[in-house]
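Sequence positions, counted from 1, serve as the residue numbers for this chain.
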Amino acid sequence: MMNDSMARLTPATRSRKTSRTAAIWQRWMRVSLALGAVMGAAWFVLAPGGAIYGDGKDYATWFPRDLALAALMLVAGVLSAVLLLRQGRKTPHIWGSAAPTLALLVAGLAGSVLAWRVGVFAGDLFQTVPDNLPSPSMIFSLRSPAVLLLWPLASAAVLFVVHFAHYLLPPAKERSEAPSPEVTAAQQPQVSEAAVQ
């Protein structure tokens, strides 16, 4: 059963809401995929066994390599959430639906998958793998796929903390506009006539 607010929407209003939601999804997909490509290249450059240090022949480098991607995913998640919060300050009406938050989280997951694939592709392109490979961990790859969830989880955590803090501590402008309690005649201090004279 449709609720009353949906029933009252005209076709033009529904069309505007649908196009606005589609624009939000497209925007966050573009931003996250671009950021994911940058993070993937940064992962290959910064991780052990990548472009700068490490030769890729040590199979024990898989753990710091995965940690490097995890740190980049956390940075991307926080950056994405900050961008959405800044957009929400400029256009507060976006918090009227769950579309921006869902778009941020889904696009963050897509961006993290793209970062992983860009990093692995760069490793395949620029790294020479020995013929008799003693361990698959020597190849530039991700051994802990759960790292890919850190981007959307970091975004969700930042949004939760900021909104929770906003509800606990409203901004000073809202606190100053809050109505002060009425002072009744019984609560007013009594001034004696002797003190007035």
Quick check on the hydrophobic clustering: are [X] and [Y] connected, directly or via other members, by side-chain heavy-atom contacts under 4.5 Å?
X    : Y    : value
L148 : L33  : no
V45  : V38  : no
V113 : M73  : yes
V118 : L125 : no
Y167 : L85  : no

Between S141 and V120, what is the shortest heavy-atom contact and its length?
CA-CG2, 4.1 Å
Show which residues join [X] in its hydrophobic cluster (side-chain heavy-atom contacts under 4.5 Å, direct or indirect), or state none.
X    : answer
W25  : M29, L102, V106
L153 : L109, L149
L105 : none

List in chain and number order the residues that pass side chain to side chain contact (heavy atoms under 4.5 Å, CB included) with V75, two or more places apart in sequence or in another chain; answer none if no residue qualifies.
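Listed in chain order: M39.
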Side-chain contact, heavy-atom cut-off 4.5 Å: L84 with P100?
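L84 vs P100: side chains touch.
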Please report the interatomic distance [atom1]([X]) to [atom2]([Y]), rounded to the nearest 0.5 Å.
X    : Y    : atom1 : atom2 : answer
I24  : L104 : CD1   : CG    : 11.5 Å
L159 : F164 : CG    : CZ    : 15.0 Å
R143 : L69  : CZ    : CG    : 14.0 Å
L79  : L72  : CG    : CG    : 12.0 Å
L35  : L114 : CG    : CG    : 10.0 Å

Where does the angle between the aromatic ring planes of F44 and F140 fall among parallel (under 30°), tilted (30 to 60°) and perpendicular (over 60°)?
perpendicular
Any sub-3.5 Å donor-acceptor pair from R65's side-chain atoms to L142's backbone N or O?
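Absent.
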Under 6.0 Å between the ring centres of F121 and W116?
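No, ring centres 6.0 Å or more apart.
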Could you give all pairs that pass the side chain to side chain donor-acceptor pair (under 3.5 Å) test and reach residues 26-35, with sequence neighbours left out?
none
Just to verify, what does S155 make a side-chain hydrogen bond (donor to acceptor under 3.5 Å, both in side chains) with, not counting sequence neighbours?
none
